[in-house]
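This report refers to the structure that appears directly beneath it.
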Amino acid sequence: GEKIECDNCGWSWNIVDGGDDLFICHKCGHDNEPISEKKNKDPFGLNAYARELALLREEEDKYKIYLDMDGVIADFNTRFKDLSGIEPREFESKYGRKAFWDFIDEKNKIKFWVGIPPMPGASELVSYISKHDYEILTAPSIKDQSRLGKNLWVRNHVGDIFPSKPKVTFKFSKEKHKVKQNLSQFDILIDDRQSIIDNWNNAGGFGILYQSTSQAIADLKKLGL
């Protein structure tokens with residue numbers, strides 16, 4: 001199987017954890033290397049198997065998860081409605097795009113971004129992905145208030161959402177897939193906008209369209225994460 005058992009004391013260990021001294025028992029020090037193995041014939045293929053398992057582990061470690069903020073872990077729509085009295089799309093349709101962003105970045109400034117409530121399940125989702133290499137990948141507004149405000153939001157939620165402050169990377173929505181030079185299937189983006197996911201997938205990455213925390217986690221589990 002995937003283990004070696006000591007002939008002397010019965011202690012066993014995973015092949016992939018054997019290191020350079022694959023057959024040495026770390027409990028009693030007994031050398032369990034087969035005689036034919038000492039002749040470099042590797043009759044059981046254990047050394048090759050150990051190398052294969054190590055490579056598989058390296059592949060697992062290559063996964064990088066990029067997590068969107070607004071609509072995934074930060075409830076932008078609720079914050080906007082609480083301050084304006086109407087839904088964001090309704091406001092923009094009624095008053096125009098410029099008035100929409102002026103309401104956010106000129107009237108409310110940094111406090112708009114800092115005061116956004118977490119999305120339901122935000123802490124559960126972050127807790128799940130924080131076992132892997134991840135960072136926040138979020139779109140800024142035109143004004144600098146959003147960059148400062150979003151960084152403060154992340155900092156303020158260390159402890160209740162984030163185990164520690166993650167890296168926060170800003171890319172406009174149409175450029176998120178350019179966060180690195182070459183995306184691969186090991187680069188996973190969780191985002192709530194289909195157009196962003198499409199761009200990500202077309203660039204070679206693997207996108208997960210966020211609809212709920214349970215759905216996003218289920219999709220990650222399908223990848224073996």
Side-chain angles (χ1 to χ4, degrees), residues 57-80 104-105 109-193 195-197 199-201 203-225:
R57 178 171 288 183
E58 287 177 6
E59 291 293 300
E60 292 175 356
D61 292 341
K62 288 182 181 178
Y63 277 108
K64 175 68 175 284
I65 301 175
Y66 296 87
L67 184 65
D68 180 36
M69 279 186 67
D70 301 323
V72 176
I73 57 173
D75 197 342
F76 177 95
N77 288 355
T78 293
R79 176 62 168 166
F80 189 93
I104 294 172
D105 285 330
K109 301 184 184 297
I110 292 174
K111 73 175 183 178
F112 176 91
W113 303 100
V114 176
I116 295 178
M119 287 283 288
S123 59
E124 181 185 356
L125 179 57
V126 172
S127 176
Y128 190 87
I129 68 170
S130 63
K131 296 178 290 186
H132 308 280
D133 183 17
Y134 84 102
E135 68 182 62
I136 303 299
L137 180 59
T138 185
S141 64
I142 296 176
K143 303 293 178 66
D144 288 337
Q145 285 94 326
S146 65
R147 296 176 185 266
L148 178 57
K150 287 189 174 190
N151 268 307
L152 289 172
W153 189 92
V154 171
R155 189 196 68 180
N156 291 345
H157 286 288
V158 171
D160 62 330
I161 295 180
F162 305 100
S164 60
K165 190 177 186 301
K167 178 182 178 182
V168 180
T169 300
F170 292 94
K171 282 285 184 183
F172 291 112
S173 296
K174 294 181 179 180
E175 298 181 348
K176 281 190 175 183
H177 60 286
K178 298 179 181 178
V179 69
K180 59 184 295 189
Q181 188 170 3
N182 294 303
L183 294 178
S184 75
Q185 290 296 298
F186 294 104
D187 296 308
I188 302 171
L189 172 66
I190 302 175
D191 200 289
D192 64 323
R193 291 181 59 180
S195 60
I196 295 175
I197 293 296
N199 288 339
W200 189 268
N201 290 337
F206 188 93
I208 293 177
L209 181 63
Y210 176 89
Q211 296 172 307
S212 69
T213 289
S214 58
Q215 164 263 322
I217 291 177
D219 286 347
L220 289 170
K221 287 181 177 179
K222 291 177 183 177
L223 296 174
L225 295 176

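Predicted model, so just to flag it, every value in this text is computed and none were measured.
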Checklist outcome for this item: Tightest non-hydrogen contact, residues Ser146 and Ser141, listed as OG-N, 2.9 Å
Item to check | Test side-chain contact (heavy atoms from CB on, under 4.5 Å) applied to Ile110 and Leu152, step by step | outcome: CA-CA 9 Å; Ile110 292 174; Leu152 289 172; 4.1 Å; yes
Checklist outcome for this item: CG (Asp192) and CD1 (Ile208) are apart, to the nearest 0.5 Å, by 13.5 Å
Item to check | Side-chain touch Glu135/Leu67, heavy atoms, less than 4.5 angstrom | outcome: no
Checklist entry - Considering only heavy atoms from C-beta outward, does the side chain of Glu175 approach that of Phe170 to under 4.5 Å? => result no
Checklist entry - Would you say the side chain of His157 lies within less than 4.5 Å of the side chain of Phe162, judging by non-hydrogen atoms? => result yes
Checklist entry - CG of Leu137 to NZ of Lys167: how many Å apart, nearest 0.5 Å? => result 10.0 Å
Next on the checklist: Check this for me: does any side-chain nitrogen of one of Arg193 and Asp68 sit under 4.0 Å from a carboxylate oxygen of the other?
Outcome noted: no
Next on the checklist: Measuring only between side-chain heavy atoms, which start at C-beta, is Ile188 closer than 4.5 Å to Leu220?
Outcome noted: yes
Checklist entry - Regarding Lys176 and the six-membered ring of Phe172, is the cationic atom NZ or CZ under 6.0 Å from the ring centre and inside 45° of its axis? => result no
Item to check | Gap between atom CD1 of Ile73 and atom CD1 of Ile129 - 0.5 Å precision | outcome: 7.5 Å
Item to check | Heavy-atom pair with the smallest gap, counting every atom of Pro118 and Ala122 | outcome: CB-CB, 4.3 Å
Checklist entry - Between Gln215 (side chain) and Gln211 (backbone), is there a donor-acceptor pair under 3.5 Å? => result yes
Item to check | Spatial distance of atom CG (Leu183) from atom NZ (Lys64) [nearest 0.5 Å] | outcome: 11.0 Å
Checklist entry - How close do Gly71 and Met119 get, heavy atom to heavy atom, and via which atoms? => result O-CE, 3.4 Å
Checklist entry - Taking atom CD1 of Ile190 and atom CG of Leu125, what is their separation to the nearest 0.5 Å? => result 5.0 Å
Checklist entry - Parallel under 30°, tilted from 30 to 60°, perpendicular over 60°: which one fits the rings of Phe76 and Phe80? => result parallel
Item to check | side-chain hydrogen bond (donor to acceptor under 3.5 Å, both in side chains) partners of residues 111-126, not counting sequence neighbours, each pair once | outcome: Asp105-Trp113
Item to check | Exercise: identify the closest heavy-atom pair between His177 and Ala203 | outcome: CB-CB, 4.0 Å
Next on the checklist: Please check this pair: side chain of Asp187 against backbone of Ser184, looking for a donor-acceptor N/O pair closer than 3.5 Å.
Outcome noted: yes
Item to check | Close side-chain approach of Val126 and Pro163, heavy atoms under 4.5 Å | outcome: yes
Checklist outcome for this item: Heavy-atom closest pair (Ile116 atom, Trp153 atom, distance to 0.1 Å) is O-NE1, 2.6 Å
Item to check | Closest contact, heavy atoms only, Lys174 versus Asn199 | outcome: O-ND2, 4.3 Å
Item to check | From Ile65 atom CD1 to Asp133 atom CG, the distance as rounded to the nearest 0.5 Å | outcome: 8.5 Å
Checklist entry - What's the verdict on side-chain contact (heavy atoms from CB on, under 4.5 Å) for Leu225 and Lys131, showing C-alpha distance, side-chain angles and the deciding distance? => result CA-CA 9 Å; Leu225 295 176; Lys131 296 178 290 186; over 6 Å; no
Checklist outcome for this item: Result for ring-ring contact (aromatic ring centres under 6.0 Å, His included) between Tyr66 and one of Tyr134, Tyr210, Trp200 points to Trp200
Checklist entry - Going by the salt bridge (charged side-chain N to carboxylate O under 4.0 Å, His left out) test, which pairs reach into residues 69-79, not counting sequence neighbours? => result Asp70-Lys150
Checklist entry - Taking the side chain from Thr213 and the backbone from Gly121, do they hold a donor-acceptor pair closer than 3.5 Å? => result yes
Item to check | Residues Val114, Phe112; criterion side-chain contact (heavy atoms from CB on, under 4.5 Å); working and verdict | outcome: CA-CA 6 Å; Val114 176; Phe112 176 91; over 6 Å; no
Checklist entry - Would you say Phe206 and Ile197 make side-chain contact, with heavy atoms under 4.5 Å? => result no
Checklist entry - Yes or no on side-chain contact (heavy atoms from CB on, under 4.5 Å) for Val168 and Thr138, after CA distance, side-chain angles and deciding distance? => result CA-CA 8 Å; Val168 180; Thr138 185; 4.2 Å; yes
